[in-house]
Amino acid sequence: MKETDTLHALRRFRRLSHTLLIDGIIIGVLSGLIAILYRYLLGQGEQFILSLHQLIEANVLYITVFMVIAVVLSVVIARLIKAEPYISGSGIPQIEGEMIGLVDESWSRTLLFKFIGGTLATFGGLSLGREGPSIQLGALVAKGYARMRHFVLSEEKLLMTCGAAAGLSAAFNAPLAGVLFALEEIHRNFSVPVVLSVMMSAITGNFLSQLFFGTDPVFAFTISKNLPLDHYWTVVVLAIITGLGGVIYNRATLYVQKQMQKWLPSVFVRLVAVFSLAAFFLVFCPTVLCGGHQLIEILYHPLSLTIVLLAGLLLLKFGFSLFSFGSGAPGGIFFPLLVMGSYIGAIFALMLNRWFGISLIYLNNFIILAMVGFFVAIVRAPITGIILITEMSGALNQLTALIIMAVIAYFLSDILKSEPIYESLLHRLVQSDKRGHQRKSKTKYFQEIAVEIDSLIADQPVKAIAWPSDFLLLAVKRGVDEIIPDGDLVILSGDVLVFICDDEASSYVLYTLSKLTKSQKRRNE
């Protein structure tokens with residue numbers, strides 16, 4: 001590693017904290033606009049499905065029109081996936097793979113094909129969300145911006161984190177959740193320059209989204225009265241139910257995906273099959289199609305709700321979502337899983353009312369609590385789950401109950417050894433990816449990584465650690481101090497390692513360092 005190259009990379013890294021805020025705002029604008037356009041088109045897709053259902057009610061022969069559309073959509077989406085496999089599914093595992101160097105997407109092709117494929121899937125009625133694609137689209141916009149400006153890989157990945165935050169923020173009007181998800185799930189680094197730049201991107205994306213869609217929260221579940229303390233036993237019970245439900249959802253998602261790929265190896269055939277199922281629902285139960293906004297609207301009328309009705313819709317949505325995602329079509333799981341969580345909460349509230357006389361004035365309380373529990377059990381991002389649902393619903397007055405829900409649901413899924421869904425999907429993505437994309441360049445990769453409690457290198461001297469090759473440890477940040485390391489320096493939990501490596505070796509270095517610095521508990525998940 002040449003000294004001049006190292007000094008050049010070091011100077012760029014030192015200037016990064018001053019320029020990253022401006023770049024973060026630019027990424028917020030670009031990624032936010034893409035996510036807004038995607039959100040708008042998906043909304044138009046849901047309106048198209050609703051209009052088509054009304055035509056079919058008038059004349060059932062119009063179902064043939066939908067089947068023709070479905071075949072055309074299957075052909076187009078299948079060809080897009082064949083040309084660029086990284087557009088399949090949510091998009092979040094792909095971005096997580098980028099962060100640790102296991103994936104290198106073609107930003108322009110993936111961006112274009114994902115946008116088109118995800119939009120077409122919604123016009124076909126598939127039960128898929130907008131959040132995962134919005135995160136991937138936002139991150140890819142940032143990647144393209146970094147490539148066009150010839151940034152080094154460390155800068156590129158920081159900007160991709162900003163783009164992911166802006167995408168989620170614009171998709172859900174949830175800037176804090178965008179920041180936390182990008183840092184907690186994508187980047188996993190809470191250094192001050194990164195946090196500030198990600199915040200600017202998320203706020204910018206959210207501002208643009210509110211200009212277009214308004215400032216109302218996504219969910220209109222108003223909390224009129226806080227749950228009394230003597231009712232908190234119900235929170236514990238609901239947390240256990242949603243925790244178990246999340247475990248079932250994760251395992252069912254992976255099982256259905258595996259079985260569909262086994263029995264229907266052709267993407268085209270899988271898409272035709274799931275679009276045929278959508279045609280059935282289009283005739284008999286259109287409310288379970290698309291993301292789930294129509295299902296949410298049903299919950300706004302509590303006097304018309306029954307346990308049987310909600311349970312039936314929940315099961316239909318659950319099954320159709322599994323097959324929609326298992327087909328490999330571009331689309332996420334965030335919104336459908338939140339809809340399912342809301343139905344679990346509503347059913348629970350109706351049961352409490354019938355069996356224990358607990359007032360339905362707390363219906364919305366249980367709906368919001370169940371969404372958090374179900375989300376946390378599936379994604380295993382508790383802080384993001386609490387903030388996301390709080391921002392989406394505008395309900396800020398039951399934080400204690402939300403924390404209880406998140407903690408119990410998290411630990412229950414952990415005890416049952418349910419791996420976070422995006423980590424499971426990333427493992428499958430890496431195992432199935434035969435292309436072995438790697439970014440090749442002569443630039444230097446300059447980055448920081450935190451040492452977690454109970455990691456392999458915690459409390460070990462530098463000289464005793466099996467560091468990866470093509471790696472140079474420059475400094476160890478400990479609190480406000482920056483220590484130049486020697487062989488006798490003992491690495492402590494909470495230290496931040498500042499390192500540099502050749503860009504083309506960054507995938508191996510990042511993967512190895514993540515194993516060394518991650519807590520043993522997280523490595524075993």
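Quantities reported herein were computed from a predicted structural model and do not represent experimental measurements.
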| request: Would you check, one step at a time, whether the test side chain to side chain contact (heavy atoms under 4.5 Å, CB included) holds for V235 with M405? | output: CA-CA 7 Å; V235 177; M405 284 292 302; 3.7 Å; yes

| request: List the steps and the verdict of side chain to side chain contact (heavy atoms under 4.5 Å, CB included) for I344 and F374. | output: CA-CA 9 Å; I344 293 174; F374 200 55; 3.9 Å; yes

| Is there a ring-ring contact (aromatic ring centres under 6.0 Å, His included) between F375 and F334 once you walk through the steps? | CA-CA 8 Å; F375 176 91; F334 254 47; 5.2 Å; yes

| message | What verdict does the side chain to side chain contact (heavy atoms under 4.5 Å, CB included) test give for V103 and E98, after you've listed the backbone C-alpha separation in whole Å, the side-chain angles of each residue and the deciding distance to 0.1 Å? | response | CA-CA 5 Å; V103 172; E98 290 257 12; 4.3 Å; yes

| Can E96 and E185 be said to form a side chain to side chain contact (heavy atoms under 4.5 Å, CB included), step by step? | CA-CA 8 Å; E96 290 183 345; E185 186 72 18; 2.6 Å; yes

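A donor-acceptor pair under 3.5 Å is absent between the side-chain atoms of S209 and the main chain of G205, judged by distance alone. Distance alone, capped at 3.5 Å, is enough to place a donor-acceptor pair between the T242 side chain and the A239 backbone. At least one donor-acceptor pair closer than 3.5 Å links the side chain of E391 to the backbone N or O of L176. For the pair Q294 (side chain) and V288 (backbone), a donor-acceptor distance under 3.5 Å is absent. Within the 3.5 Å criterion, the main-chain N or O of I223 finds no donor-acceptor partner in the side chain of N364. Within the 3.5 Å criterion, the main-chain N or O of V339 finds a donor-acceptor partner in the side chain of S342. Judged by distance alone, with hydrogens and angles left aside, the side-chain atoms of Y343 form a donor-acceptor pair with the main-chain N or O of L295 at under 3.5 Å. Using a distance-only test at 3.5 Å, with no hydrogens or angles considered, no donor-acceptor pair links the side chain of K317 to the main chain of P336.
Going from atom OG of S359 over to atom CG of N353 covers 7.0 Å, rounded to the nearest 0.5 Å. Remark: L337 CG to S321 OG distance equals 9.0 Å, nearest 0.5 Å. Between atom OG of residue S413 and atom CD1 of residue I248 there is a gap of 12.5 Å, rounded to the nearest 0.5 Å. I34 CD1 to L208 CG: the interatomic distance, rounded to the nearest 0.5 Å, is 12.0 Å. Atoms CG and CG, on L50 and L282 in that order, are 9.5 Å from each other to the nearest 0.5 Å. Expressed to the nearest 0.5 Å, how far NE2 of H231 lies from CG of N365 amounts to 10.0 Å.
The two residues S493 and D454 have their closest heavy-atom pair at OG-N, 4.0 Å. Nearest heavy atom pair, residue Q136 against residue Y86, reads NE2-O, 3.2 Å. For the pair S169 and N206, the tightest heavy-atom approach, listed with the atom from each and the gap, is OG-CB, 3.0 Å. Taking each heavy atom of I389 and L338 in turn, the nearest pair found is CD1-CD2, 3.4 Å. V198 and A182 get closest at one heavy-atom pair: CG1-CB, 4.2 Å. Residues I92 and I135 share a closest heavy-atom pair of CD1-CD1, 3.8 Å.
Side-chain contact between L126 and F325 is absent, with no heavy-atom pair separated by less than 4.5 Å. Inter-residue side-chain proximity for L314 and L310 is flagged as unmet; no heavy-atom pair is nearer than 4.5 Å. You'll find the side chain of I387 stays beyond 4.5 Å of the side chain of V179, heavy atoms only. For the pair D495 and R478, the minimum side-chain heavy-atom distance is below 4.5 Å. The side-chain heavy atoms of L244 and L412, taken from C-beta on, include a pair separated by under 4.5 Å. R428 is listed as a side-chain neighbour of Q257, based on a closest heavy-atom distance under 4.5 Å. Between N173 and T215 there is no side-chain heavy-atom pair separated by less than 4.5 Å. Side-chain contact between F499 and L513 is present, with at least one heavy-atom pair separated by less than 4.5 Å.
Annotation: Y300, atom OH; neighbour count of heavy atoms from other residues, nucleotides and ligands within 6.0 Å is above 12. Shown here is Y232, whose OH atom has more than 12 heavy atoms of other residues, nucleotides or ligands within 6.0 Å. Other residues, nucleotides and ligands contribute at most 12 non-hydrogen atoms within 6.0 Å of the CD1 atom of I383. Within 6.0 Å of CH2 in W233 there are more than 12 heavy atoms belonging to other residues, nucleotides or ligands. Shown here is F48, whose CZ atom has more than 12 heavy atoms of other residues, nucleotides or ligands within 6.0 Å. By the 6.0 Å contact criterion, CZ on F320 is enclosed, its count of non-hydrogen atoms from other residues, nucleotides or ligands being greater than 12.
The side-chain tip of R380 points at the ring of Y410 from less than 6.0 angstrom away and within 45° of straight on. Judged by the 6.0 Å distance and 45° axis criteria, R130 is not positioned over the aromatic ring of Y38.
Between F280 and F284, the angle of the ring planes lies from 30° to 60°, which puts this pair in the tilted group. Using a 30° and 60° split on the angle between ring planes, F219 and F335 fall in the tilted class, from 30° to 60°.
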